[in-house]
Asker: 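A single structure is presented below for examination.
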Amino acid sequence: MKSSSSTLRIIQFQFQDALSSRWLLVHTLIYLLIAEGLLMSSGFTDKALVSLVNVVLLLVPLVALLFGVIHQYTNRDYTIWMLTQPLKRPNLFSGLYLGLTVPMVLSFSVGITLPFLWHGGLAAGQAVQLITLLGLGAALTFSGVGVAASLAIRFADRVRGIGLALVIWLVYALLFDGLILMGISVFGNWPIEKALIGAMLLNPIDLSRLILLQTFDAAAMLGYTGAVFSRFFGSGMGMIIASVTLLLWVAFPVWLASRLFRKQDF
Amino acid sequence: MLARRTHITLCSLLLMIIAWVPAHVHGQSIGERVAASSPGDIVTIEAGVYTEAPIIIQHPLTLIGETGAIIRGAGDHELLVVDADSVTIQGFQFERVDKTFLEDRAALRIAGASHCRILDNTFDDVFFGIYMAKAHACAIEGNTLSTTIENETSGGNAIHSWYSTDLFIQNNTIDGFRDGIYLEFTDDSVVQNNVSTENHRYGLHFMFSDRCAYRNNRFVDNRAGVAVMYADGILMHDNEFTRAWGTSAYGLLLKEIRDGELIGNRFSENTTAVFMEATDRMQIEHNQFANNGWALRIMANAIDNTFTANDFVGNTFDVATNSRSAPSSFAGNYWDRYAGYDLDADGVGDVPFRPVTLFSLIAERHESALFLYRSVLVDVLNAAERIMPAMTPVDLVDAEPLMAPTIDPDQGTPISQTVLR
């Protein structure tokens, strides 16, 4: 069997498995309910989009990490059985990885987009914002599941794996910003804006947040600080740096997980 | 070939004559006809393009331009000077006054005159529009002024006043100047029903001007809608401040002013709706603050201001201050962030509301903290601070927050309410 087609076959099996089990449906429903709830309460799609940013930045990495880890622990026997088959490990890994992430990204996108469609669609500018939001959600999912896979392969003990996934989420969603805030209050009297942009690149969640803020015209209200990051993210070079960094945030965990998967003695 | 050239020359000569004729229907320029008139005359100027030396009016006169009467400058001089009392200028179109840094070159200058009336004129492509120095009891009504400038330093003001009293500026439309209306050392004047847009500095600007009033004006897309500085007793009623958006942009900028009123105004989509510095004893009532970055930024040196019955809806920050205490008082405002309850159903919340969030305080101290805008951490910190205030001013509190807005958020009209108190 050719290697690429074996990857595709695994993805296909994973897809069927996802569709027959209920998790994918629940996953879609969660985002559907959040988007619908925001649209119902605010009744104004612009506001709902802004609120969605917060939800996506908080929830998507959590789901990717936690669900990624749990999914891999529950499918451990299946993975081991697959390893007995005449398949190359890299193909098996990419099949299993994409077979999980692609349905997650699709169901997330469907769940977020559908309420906007039946509430009368989006203005042209809002469509760009929604697509950016979905793209960043996808990147965070790919990154998070990569980290989750590394954890699940490295630690046989599930309590440890799940615990670590939670800690990682907490660090990136909250504690990192806490450290930044401490840094700002200590060094606030120095011109630290450029250093802060550098620091933001170290956290995919913050990086996504700033890219999204840029699309929402919120930068203008943020005074000098806003001007600094407008200049950075508004420039071609800045956007390239941001995108490449985000890609690295996807590539590194996936590379790490695939390396661990190849070397692991199951 | 030669015949054709002659033909062209003749044609262009004819064209020149046609273009020249209307400007000299009576063989006279406006300046000559003004000089020939007697005090109190009404002089009507026919349609045409008048290009001539600055017209100087030195006795009481009513000068009326018929539709299409255009006074066009060569660029390097002012166009009309009012140097006598009781002069009326009506219906002209003023064009082309180039910028200069040597003088405040204006299309129309009023020098030490009183009881003048400048009505229904159009000003286009001018440096300063109407320039008043030591004027008294003049009415500037129904004029349209527009120009295009690149930046704040390369432009003049549309309506400019210096050392004047009792001016009445009404129904003018202004677009694209440095300041739309600039009043310096100008007391007891009224500015109403004007529309001032896309000015590079302020839509309306008071400096050292006391006891003035402005009402029912619209200020849209200016760098700052209105700036009131070093002025006492300014009344600001029923104006609209929209889209002063950008770095250091303000809907209304108050600096070193006292004893004024800010009532019934509507602020929407401004980076900062109202900025107050060294502003004392102001009465701020029945205003609507909707979808601004900061609704109010109050510096610690603003003292004894009262905020009552205002609506705060959809702002990123409702109130920001750099003060630990609360030198101004808030009572009976509507805050869309208020999450309290109203058990006795009297329309007033039973739990006080603290409009200053921890994050706005940190951002006021260290601007770079805005990097964390919309971060989850910020929401967590704000929630914790709201329950146990440690850093935000404990006294800055609205003890009687309203449960429902007083102004319709869409229409901007007051909602009638029966508050059972």
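Every chain is numbered from 1, with letters handed out A, B, ... down the list of sequences.
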Asker: One pair to check against side chain to side chain contact (heavy atoms under 4.5 Å, CB included): N189(A) and H366(B). What are the steps and the verdict?
Answerer: CA-CA 7 Å; N189(A) 295 329; H366(B) 302 292; 4.1 Å; yes
Asker: Anything in residues 173-180 of chain A with a heavy-atom distance to chain B below 4.5 Å? Please list those residues in order.
Answerer: A173(A), L174(A), D177(A), G178(A), I180(A)
Asker: Does anything in residues 199-211 of chain A reach chain B? List residues with heavy atoms under 4.5 Å apart, or say none.
Answerer: M200(A), R209(A), L210(A)
Asker: Quick one: pull up CD in E367(B) and CD1 in I184(A) and give me the separation to the nearest 0.5 Å.
Answerer: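 Answer for the CD-CD1 pair, E367(B) versus I184(A), is 11.0 Å.
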Asker: In chain order, what residues pass the side-chain hydrogen bond (donor to acceptor under 3.5 Å, both in side chains) check against N222(B), with sequence neighbours excluded?
Answerer: N199(B)
Asker: Please check if the number of heavy atoms outside W118(A) that lie under 6.0 Å from its CH2 is greater than 12.
Answerer: yes
Asker: Under 4.5 Å, heavy atom to heavy atom: which of residues 238-246 of chain A reach chain B? Give them by number, or say none.
Answerer: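 Within residues 238-246 of chain A, no residue comes under 4.5 Å of chain B, counting heavy atoms only.
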Asker: Relative to chain A, which segment of V378(B) carries a heavy atom at a distance below 4.5 Å: side chain, backbone, both, or neither?
Answerer: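 When you check distances to chain A, no heavy atom of V378(B) falls under 4.5 Å.
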Asker: By the definition side-chain contact (heavy atoms from CB on, under 4.5 Å), identify the one residue from L181(A), I192(A), L196(A) that meets it with F371(B).
Answerer: L196(A)
Asker: Output the distance between atom OG (S375(B)) and atom CG (L213(A)), rounded to the nearest 0.5 Å.
Answerer: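 Nearest 0.5 Å value for the OG-CG distance: 10.5 Å.
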